[in-house]
Amino acid sequence: MFSGILLINKPKNITSFEVINRIKKHFKIKKIGHAGTLDSFATGLLIAGINEGTKLLTLFMEREKVYIATFVLGKTTDTLDETGTVINEYSVPLPDITIIKQEIKSFVGELLQVPPVFSAKKIKGKRASDLVRMGEKIEIEPRVIKISDISIVDYILPEITVKIQCSKGTYVRAIARDLGEKLNTGAYVKELQRIEISPFSINDARGLDEILSYTAVESLALPLLDATPFLKKIEVSEKESQALKKGVKILKTGILNEGKMLAVKEKEAVAIVDVEFKDNECMIKPVRVFN
């Protein structure tokens, strides 16, 4: 049974769930999930974990993402994107691009962001978007996000295209909303593409139609050992491997760094482990064990 990750270039107008479901049925995969939902109207990189590869998905959730988005100034929609209903049109003149660039810079760094009400954010066990559609008025608490970089890559007003490098939990639709408020023009997202989940990019991914033209998923996917190039690897013995798989901590010499790593035995991934030093001893603690 193959385990690993699959890099997908999600097409437009299909949910992330449906993409994963079609791949699951086509290859008859027992277990599959994905890291980071893309809205139906959005396109771009979607990372799927296959079988034991699902245990890697939390790692990718923590990684920085990069998006290319086109904002339309002068209007707002209820969903903050092109799929929604226009709820406001502004008659004010659009600001000069130099002013827009100045306001864009104010988003760099850590900031509090209120997720959109039309989102999968859970409130009392239900999606915020479902509650809104049922007519309930809801309030969503702001949360801390980090935008490492944001810049304008193209503009023909009223549209601007921006590149955003950000932390997990960042809503690009909320960035459009907040920028529109700063400019007093309103704004919504017309197009959205995720081009990177570090260290993988959209150039590493394959389209859904191409994926479904194959008969074996292992012809397309990365095995466990190659799926996390950002993790350092620790070679373990058979005895150490068996201990880790039973959830037992082990002591190890010759390791210089702390943090999450990948335990490997004879080119086979054994477990994601936490490495920490205590009383001059290096302790290896299994976090996710691969069967």
Side-chain angles (χ1 to χ4, degrees), residues 1-10 16-17 19-20 23-24 29-38 42 44-67 110 120 122 143-148 164-172 194-206 217-218 220-236 240-241 244-245 247 249-250 252 255-265 267-276 282-291:
M1 181 179 69
F2 176 83
S3 291
I5 64 167
L6 180 62
L7 307 177
I8 308 160
N9 185 353
K10 177 193 165 301
S16 298
F17 174 82
V19 168
I20 296 302
I23 291 171
K24 181 179 183 178
I29 297 170
K30 183 177 180 181
K31 190 176 182 182
I32 186 171
H34 66 275
T37 300
L38 282 171
L45 181 59
L46 189 67
I47 296 182
I50 299 170
N51 295 318
E52 292 296 283
T54 56
K55 295 176 180 178
L56 301 174
L57 295 179
T58 54
L59 296 177
F60 290 107
M61 296 289 284
E62 300 292 327
R63 307 293 291 176
E64 274 203 327
K65 282 84 174 173
V66 180
Y67 297 90
E110 283 194 353
K122 291 292 181 69
R143 58 184 175 183
V144 177
I145 62 161
K146 183 179 180 181
I147 297 178
S148 300
I164 303 165
Q165 183 177 342
C166 57
S167 68
K168 71 168 186 176
T170 302
Y171 283 89
V172 175
R194 183 159 62 202
I195 62 171
E196 185 177 321
I197 300 176
S198 176
F200 299 113
S201 83
I202 192 67
N203 297 325
D204 303 313
R206 297 174 187 258
V217 72
E218 50 265 45
L220 302 160
L222 293 173
L224 294 175
L225 199 60
D226 301 326
T228 54
F230 49 87
L231 290 182
K232 291 184 178 179
K233 296 176 177 59
I234 304 172
E235 287 289 341
V236 295
E240 291 169 331
S241 171
L244 291 172
K245 287 191 175 187
K249 297 179 183 178
I250 63 172
K252 191 81 172 164
I255 300 174
L256 303 177
N257 303 103
E258 292 187 311
K260 276 193 172 57
M261 299 187 190
L262 184 68
V264 177
K265 178 183 71 72
K267 297 184 179 180
E268 179 185 335
V270 174
I272 300 167
V273 297
D274 270 335
V275 179
E276 57 183 27
C282 181
M283 185 72 72
I284 312 296
K285 177 186 175 182
V287 178
R288 291 281 189 279
V289 174
F290 302 117
N291 296 321

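These numbers come from a predicted model, not from an experiment. Side-chain atoms are counted along with the backbone in the values below, which use heavy atoms only and exclude waters and symmetry mates.
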Please check this pair: side chain of [X] against backbone of [Y], looking for a donor-acceptor N/O pair closer than 3.5 Å.
{"X": "R143", "Y": "G169", "answer": "yes"}
{"X": "D204", "Y": "S201", "answer": "yes"}
{"X": "K65", "Y": "M61", "answer": "yes"}
{"X": "K245", "Y": "V289", "answer": "no"}
{"X": "R194", "Y": "G44", "answer": "no"}
{"X": "S16", "Y": "T37", "answer": "no"}

Minimum heavy-atom distance [X]-[Y], with the two atoms named:
{"X": "L45", "Y": "L38", "answer": "O-CD1, 3.8 Å"}
{"X": "L222", "Y": "D226", "answer": "CD1-O, 4.1 Å"}
{"X": "C166", "Y": "Y67", "answer": "SG-CE1, 3.7 Å"}
{"X": "A48", "Y": "L57", "answer": "C-CD2, 4.2 Å"}
{"X": "V264", "Y": "V270", "answer": "C-CG2, 4.2 Å"}
{"X": "L225", "Y": "K233", "answer": "O-CE, 3.4 Å"}

Classify the ring geometry between F60 and F230 as parallel (under 30°), tilted (30 to 60°) or perpendicular (over 60°).
perpendicular
With side chain to side chain contact (heavy atoms under 4.5 Å, CB included) as the test, pick out the partner of L46 among V19, L6, N9.
V19
I need the [X] [atom1] to [Y] [atom2] distance, nearest 0.5 Å.
{"X": "I50", "Y": "L220", "atom1": "CD1", "atom2": "CG", "answer": "8.5 Å"}
{"X": "L262", "Y": "R288", "atom1": "CG", "atom2": "CZ", "answer": "13.5 Å"}
{"X": "Q165", "Y": "K146", "atom1": "CD", "atom2": "NZ", "answer": "9.5 Å"}
{"X": "I47", "Y": "R63", "atom1": "CD1", "atom2": "CZ", "answer": "9.5 Å"}
{"X": "E64", "Y": "I164", "atom1": "CD", "atom2": "CD1", "answer": "12.5 Å"}
{"X": "I197", "Y": "K168", "atom1": "CD1", "atom2": "NZ", "answer": "13.5 Å"}

Counting C-beta onward and ignoring hydrogens, is there a side-chain heavy-atom pair between [X] and [Y] closer than 4.5 Å?
{"X": "V273", "Y": "V236", "answer": "no"}
{"X": "T228", "Y": "I5", "answer": "no"}
{"X": "L244", "Y": "F290", "answer": "no"}

Derivation and outcome, side chain to side chain contact (heavy atoms under 4.5 Å, CB included), residues N291 and N51:
CA-CA 10 Å; N291 296 321; N51 295 318; over 6 Å; no
Any chance you could lay out the side chain to side chain contact (heavy atoms under 4.5 Å, CB included) test for K285 and E276, step after step, and finish with the verdict?
CA-CA 8 Å; K285 177 186 175 182; E276 57 183 27; 5.8 Å; no
Under the salt bridge (charged side-chain N to carboxylate O under 4.0 Å, His left out) test, residues paired with [X] that sit two or more places apart:
{"X": "E240", "answer": "K252"}
{"X": "K24", "answer": "none"}
{"X": "K249", "answer": "none"}

Test side chain to side chain contact (heavy atoms under 4.5 Å, CB included) on I8 and H34; report intermediate values, then the result.
CA-CA 10 Å; I8 308 160; H34 66 275; over 6 Å; no
Check step by step if side chain to side chain contact (heavy atoms under 4.5 Å, CB included) holds for V275 and N257.
CA-CA 8 Å; V275 179; N257 303 103; over 6 Å; no
